[in-house]
There are 2 protein chains.
Amino acid sequence: MSARRGQPLTAEEIYAAVLRLVDAGGVEGLSMRKLAAELDVNPMSLYHHVENKDALVRGACATVASRLRLPPDDGAPWQEQTRALARAYRSIAQSHPSLWSYVNRHPALVEDEGGMWEVFNRILVAAGVPADELPRVRTVLYTFVSGFLSAETDGLLGELGGAEDFDAAFEGAVDLIVAGLEARYS
Amino acid sequence: MSARRGQPLTAEEIYAAVLRLVDAGGVEGLSMRKLAAELDVNPMSLYHHVENKDALVRGACATVASRLRLPPDDGAPWQEQTRALARAYRSIAQSHPSLWSYVNRHPALVEDEGGMWEVFNRILVAAGVPADELPRVRTVLYTFVSGFLSAETDGLLGELGGAEDFDAAFEGAVDLIVAGLEARYS
DNA sequence: ACCTGAACACCGTTCAAGT
DNA sequence: ACCTGAACACCGTTCAAGT
């Protein structure tokens, strides 16, 4: 039996607990049984609120992704908007590193986070990328940024050396991308 | 009891089986018990040859990494050597995608693969990167390439769209890196 | 010295039985 | 209608007991 009050679990309650457990021990460290214990509930009761562990992670993702705040379409130079978008994305990744790292390598879980691709497109057009190259360039640059962030959140950045100040290294990485775009498309 | 001949397991035999299982079902799909079955051996016998599952993966890595063939130091332009190094690294990653993907996000398992960093340094010096920026630039570019490769091996590249021809997308990605280096350091 | 069965402490998930 | 205990098919690893 559970020591809980009569009210059933809310989605908010569940996902707050999921994020707590994932932050503490990664998605691999999350288990239905631990989550149930965290919520003071019978493990099997969880299946009444969520289909399975995968759906749990997907829901946690949606919760976090909804917090992405995209840079506005003011008249700022595309270089500055690129940096703003990259920083906004990084801050989401860093808010729950283990979750982001896991989701980023599970294609089925990656979804359009609040119109990010549209914003990215707009910026690349401003940078002079021709329409037919746009999807490829967008995808490649996304893999570059997510590669850096994976290295950062997985601890590889520190291991590889040369980047004691991660913020500075990130800015340098974005600078290199901007320089590459300028050289090829401006 | 085992149906094996008297001879004990060899490391070659074990790692060949590990790679077979990892290729088929990823590192997450590898288990000591399945490996033992694959080798027709008692699960507990494996612990006589290897410390634990982690050591197993580390050994498999070393096996694969030893196959990396670095580009020679001929007088080729640094742009061409950059492409050659990137291609050599990609072909290793692609030879056992699941293993590479797993190892790449476990910092403790990433090791210098046959002097790759030295070769990378030499190329970047030729590209005009100043000595004090070298470690940072090397690390950032590594995260870019490994980000692309992770996206490719994890199936994210196809999911994101814009890259039906992965080889072409990879060349485009390296082109962008080269353009960035030329713009900032040449 | 080498090998291994049973056991321990975990998983995700199903399902029949309870209220 | 909702909940849950027992069960199933898995894990990695330990350890005492066997040869």
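In what follows, chains carry the letters A, B, and so on, assigned in the order in which the sequence lines appear, proteins first and then strands, with residues in each chain numbered from 1. Atom set for the values below is all heavy atoms of this structure, side chains included, hydrogens, waters and symmetry mates excluded.
For Glu28(B) and dG12(C), the CD to P distance is 14 Å, given to the nearest whole Å. Rounded to whole angstrom, the span from the NZ atom of Lys34(B) across to the C1' atom of dA9(D) amounts to 12 Å. Across the protein-nucleic acid pair, Asn42(A) atom CG and dA17(C) atom P stand 18 Å apart, rounded to whole Å. Here the P atom of nucleotide dC3(C) and the CG atom of Leu39(B) are 13 Å apart, to the nearest Å. Rounding to whole angstrom units, CZ of residue Arg33(A) and C1' of dC10(D) are separated by 11 Å. Rounded to whole angstrom, the span from the CG atom of Asn52(A) across to the P atom of dC15(C) amounts to 14 Å. In this structure, the NE2 atom of His48(B) is 18 Å from the C1' atom of dG12(D), given to the nearest Å. For His49(A) and dT4(D), the NE2 to P distance is 10 Å, given to the nearest whole Å.
Relative to the side chain of Met44(B), the nucleotides dC2(D), dG5(C), dG12(C) differ in distance, and dG5(C) lies closest. Checked against dG12(C), dG5(C), dC11(D), the side chain of Tyr47(A) finds its nearest nucleotide in dG12(C).
Ser91(A) and Arg87(A) form no side-chain donor-acceptor contact under 3.5 Å, judged by distance and modelled atom types alone. Using modelled atom types and a 3.5 Å distance limit, the side chains of Asn42(B) and Tyr47(B) yield no donor-acceptor pair.
Figure legend. dA6(D) is base-paired to dT14(C); pairs are counted as Watson-Crick or G-U wobble with both atom distances under 3.5 Å. Under the Watson-Crick and G-U wobble criteria, each requiring two contacts below 3.5 Å, nucleotide dA1(D) is paired to dT19(C).
Taking a cutoff of 4.0 Å between a charged side-chain nitrogen and a carboxylate oxygen, Asp167(B) and Arg90(B) qualify as a salt bridge.
Within 4.0 Å of Leu30(A), counting heavy atoms only, lie sugar-phosphate atoms of the nucleic acid but no base atom. Counting any heavy atom pair closer than 4.0 Å across all strands shown, Met32(A) reaches sugar-phosphate atoms only and no base atom.
At dC3(D), none of the side-chain N or O atoms of Ser45(A) fall inside 4.0 Å of OP1 or OP2 (strictly under the cut-off). Contact check, Ser31(B) against dC11(D): a side-chain N or O comes under 4.0 Å of OP1 or OP2.
Looking at Glu13(B), its side chain does come within 3.5 Å of a backbone N or O of Thr10(B) through a donor-acceptor pair. A distance-only check finds no donor-acceptor pair linking the side chain of Ser101(B) to the backbone of Pro97(B) [under 3.5 Å].
Spacing of P atoms, dA9(C) relative to dA9(D), comes out at 22 Å, to the nearest Å.
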